[in-house]
Amino acid sequence: MLGFLAAALSVLTFHQGMWGLLYLAGWMARPPYPLNPSGPLGVPLLLNFCFWAGLYGMVYGLALPRLVRMPGWLSGLLLGLLAALVGWFVVAPLKGQPVAGGFDPTRMLISVLINGSWGVGVGIILSMLLPKAAQSRLASLRR
């Protein structure tokens with residue numbers, strides 16, 4: 001469950017932080033922390049992001065002991081890049097959107113920046129949430 005929590009917190013900080021920077025740079029049309037209804041249930045978009053990110057975080061948390069040879073931020077970055085790929089090639093077609101944003105380099109870069117920063121955040125936050133004993137065990141495995 002710590003993976004879920006870390007991923008949701010990373011949405012609220014790293015993901016939306018990058019979104020905000022891109023908004024200020026003029027690359028995003030909408031400001032961060034969107035609360036407009038999404039999907040068939042009308043859940044606020046930000047909560048929708050937190051939920052789906054949390055599911056990724058749960059899987060990441062379970063896989064973390066097997067990712068012993070890399071720092072948490074790096075394995076988190078790989079998680080973020082995986083999330084971008086799933087968004088491009090699975091989620092977009094399911095929503096009737098073009099695959100990989102129509103292969104528009106700007107849209108693809110935005111996705112990589114937002115999802116990549118989210119993943120780095122997951123790696124950092126989860127390592128801070130783990131109990132001291134688990135942190136020590138992971139640190140000894142990484143040596």
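No experiment lies behind these values; they were computed from the predicted model shown.
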For the hydrophobic clusters of this structure (ILVMFWY residues joined by side-chain heavy atoms under 4.5 Å, transitively), does one cluster hold both [X] and [Y]?
| X | Y | result |
| --- | --- | --- |
| Leu94 | Val99 | yes |
| Leu109 | Leu85 | yes |
| Met70 | Leu81 | yes |
| Leu77 | Ile125 | yes |
| Leu74 | Val120 | yes |

Locate the shortest heavy-atom distance separating [X] from [Y]; write the atom from each residue and the value.
| X | Y | value |
| --- | --- | --- |
| Pro131 | Leu2 | CD-CD1, 4.1 Å |
| Leu126 | Gly3 | CD1-N, 3.8 Å |
| Ala100 | Met108 | O-CG, 3.5 Å |

For residues 32-54, please give each side-chain donor-acceptor pair under 3.5 Å, one per line with the distance, not counting sequence neighbours.
unit_1	atom_1	unit_2	atom_2	d
Tyr33	OH	Leu12	O	2.6
Ser38	OG	Val43	O	3.0
Asn48	OD1	Trp52	NE1	3.1

Taking side-chain contact (heavy atoms from CB on, under 4.5 Å) as the definition, give me every residue that meets it alongside Leu22, ordered by chain and number, with sequence neighbours left out.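 Scan of Leu22 (side-chain contact (heavy atoms from CB on, under 4.5 Å), adjacent residues dropped) gives Met18, Trp27, Met28, Ile110, Leu113, Ile114.
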
For Val86, which residues count as a side-chain contact (heavy atoms from CB on, under 4.5 Å) partner, sequence neighbours excluded?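 By the side-chain contact (heavy atoms from CB on, under 4.5 Å) rule, Val86 matches Tyr56, Leu82, Val90, Val91.
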
Taking ring-ring contact (aromatic ring centres under 6.0 Å, His included) as the cut-off, I'd like each qualifying pair that reaches into residues 88-107, sequence neighbours left out, listed once.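 Qualifying pairs, neighbours excluded: none.
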
Scan residues 90-109 for pairs that pass side chain to side chain donor-acceptor pair (under 3.5 Å), counting only residues two or more places apart or in two chains.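 Every pair satisfying side chain to side chain donor-acceptor pair (under 3.5 Å) with a residue in residues 90-109: there are none.
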
Among pairs that include at least one residue of residues 112-126, which meet side chain to side chain donor-acceptor pair (under 3.5 Å), considering only residues two or more places apart or in two chains?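 Listed once each, the pairs are Ser111-Asn115.
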
Hey, are the side chains of Ser127 and Leu64 touching, using non-hydrogen atoms and a 4.5 Å cut-off?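 Contact flag for Ser127/Leu64 side chains = no.
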
